[in-house]
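This report refers to the structure that appears directly beneath it.
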Amino acid sequence: MPENNIIPVIVVFGPTAVGKTDFLLNLSKISEIINTDSLQVYKYMDIGTAKPDKETISRVKHHLIDFLDPSEEFNAGNFVNKADNLCADIFSRGKIPVISGGNAFFLINFIKGLPETPKGNLLIRKKIEERLKNEGIEKLAQELEKIDTQYFSKISSNDSYRITRALEIYYATGRTVSSFKIPESPRKCYNFFLIGLIRERDELYERINRRVDLMFDNGLHEEFLKLRKRGYGLSDPGMSGIGYKEFFELEKNSGISLDNIKELIKQNTRHYAKRQVTFFKKIDNVIWENPDNSAAILDKAGEFLKQYGKSL
RNA sequence: GCCGCUUUAGCUCAGACGGUAGAGCAGAGGACUGAAAAUCCUCGUGUCCGCAGUUCGAUUCUGCGAGGCGGCA
């Protein structure tokens, strides 16, 4: 018997369009799903985020999906805290929590726990972004180099995103990024079972292209227009997602066609999938498998579940 | 049939008084300290369409072929 204060968690991850949603149905009897796709959290954004359909949702309970306004931010800290609560809750109700999605950053933070680094300080960040605009990246890079040489040496001097955040942390706390520890091993409060879904690159890209075509057939452009009507713009966190941000090109540049947008979305999605795979490869003790070969995974999952008196 | 333009990396194209070539995109690999579908880093040998000529040396010049595009018939 496992220790009773350690919660089992099945984690199912993989690049976009690999087939996670379909695979999860195999676990529907014993589980509830905690979503870790950073855009499926948003309301009104269904087609472009490839949210699971009604039928799927009716078969397994899904959490952290379709609950936030696109203007609201949802960060790694929000995710980890909510997921922690949900895991305890789901397990106490006799189900196995399954965390599934494509956001590797959130996932790693969940598995290892959040770094000590403080959460974002929007006010200070705004000021630094202002300076970035006025003074340029070189200036801020030089500043960070003096403040935190160690961290600066690990990032690119062009990485405006990380330079901004590092300065934000410094001006908010008086401490450098590298003075905060990042956890190095999985948290002991969970018994993880990690499933990594993967396909041949060609096949994955094929699926991505097909899925984007389908999204357009299902009214992705109309969905975007509705979001615009509701008043959401490029600065809203939800609208920065692939499948949405590209449509703003139509407003900016009259020479561009809907077909161009479609190709752009496919391209951005392929790039994203590649980045996801790179990130996922860092996770240890993963059972990697093509979802077409789900039987092999389910065998092992069955073993894992047996210790909790469950079977698939 | 004639005239003109064109043929260089998977694609679009640069380029060199003749010394075997380089961008963008695609593609590959990587990073990732509470914004992450974000942000960023690294990676380019290819019969320079073919053959012949000139030359120490031609992908670059000349001639002849072949493909493509356009115009005139």
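A salt bridge links A/E249 with A/K252: the distance from a Lys NZ or Arg NE/NH1/NH2 to an Asp or Glu carboxylate oxygen falls below 4.0 Å.
Counting any heavy atom pair closer than 4.0 Å across all strands shown, A/F106 reaches sugar-phosphate atoms only and no base atom. Residue contacts shown for A/K245 are limited to sugar-phosphate atoms, with no base heavy atom under 4.0 Å away. Note on A/Q267: only backbone sugar-phosphate atoms sit closer than 4.0 angstrom, heavy atoms only; bases stay farther off. Using a 4.0 Å heavy-atom criterion, one finds that A/Q150 contacts no nucleic acid atom at all. Residue contacts shown for A/S178 include a base, since a base heavy atom lies under 4.0 Å away. Within 4.0 Å (heavy atoms only), A/Y205 reaches sugar-phosphate atoms of the nucleic acid but no base atom. Across all strands, A/N268 comes closer than 4.0 Å to no nucleic acid atom at all (heavy-atom distances). At a threshold of 4.0 angstrom between heavy atoms, the contacts of A/I169 are confined to the sugar-phosphate backbone, with no base atom among them.
For the 3.5 Å distance criterion, the side chains of A/D84 and A/Y190 qualify, holding a donor opposite an acceptor. Neither side chain, A/D66 nor A/Q40, offers a donor N or O lying under 3.5 Å from an acceptor on the other. A/S71 and A/D69 are linked by a side-chain donor-acceptor pair at a separation below 3.5 angstrom, with hydrogens and angles left out of the test.
Within the structure, a side-chain polar atom (N or O) of A/K281 is placed less than 4.0 Å from OP1 or OP2 of B/G30. Between A/N158 and B/C41 there is a side-chain polar atom (N or O) within less than 4.0 angstrom of OP1 or OP2. Residue A/R275 places none of its side-chain N or O atoms closer than 4.0 Å to OP1 or OP2 of B/C32. The side chain of A/K181 places no N or O atom within less than 4.0 Å of a non-bridging phosphate oxygen (OP1 or OP2) of B/U33. OP1 or OP2 of B/C32 sits under 4.0 Å from a side-chain N or O of A/K282. Taking side-chain N and O atoms only, A/S160 has no distance below 4.0 Å to OP1 or OP2 of B/U39. At least one side-chain nitrogen or oxygen of A/T117 sits closer than 4.0 Å to the OP1 or OP2 atom of B/G34. At the phosphate of B/U33, OP1 or OP2 sits under 4.0 Å from a side-chain N or O atom of A/Y151. Of the side-chain N and O atoms in A/R201, one or more sit less than 4.0 angstrom from OP1 or OP2 of B/G29.
Evaluation of the ring pair (Phe, Tyr, Trp, His ring centres under 6.0 Å) rule for A/F280 yields A/F13 as partners, not counting sequence neighbours.
The aromatic ring centres of A/H221 and A/F247 sit less than 6.0 Å apart.
In RNA chain B, runs of at least 3 stacked Watson-Crick or G-U pairs (N1-N3 plus N6-O4 or O6-N4, or N1-O2 plus O6-N3, all under 3.5 Å) give these stems: B:1-7 with B:66-72, B:10-13 with B:22-25, B:27-31 with B:39-43, B:49-53 with B:61-65.
Cation-pi geometry between A/R228 and A/F248 is not satisfied (NZ or CZ under 6.0 Å from the ring centre, within 45° of the ring normal).
When the P atom of B/A31 is taken as reference, atom CZ of A/R165 falls 21 Å away, rounded to whole Å.
In terms of position along RNA chain B, the nucleotide closest to A/R270 lies nearer the 5' end than the nucleotide closest to the other residue of the pair A/G48 and A/R270.
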Just list the side-chain donor-acceptor pairs under 3.5 Å for residues 41-50 of chain A, sequence neighbours left out, or say none.
{"residue": "A/Y42", "atom": "OH", "partner": "A/E72", "partner atom": "O", "Å": "2.7"}
{"residue": "A/D46", "atom": "OD1", "partner": "A/K51", "partner atom": "NZ", "Å": "2.7"}
{"residue": "A/T49", "atom": "OG1", "partner": "A/M45", "partner atom": "O", "Å": "2.9"}
{"residue": "A/T49", "atom": "OG1", "partner": "A/D46", "partner atom": "O", "Å": "3.4"}

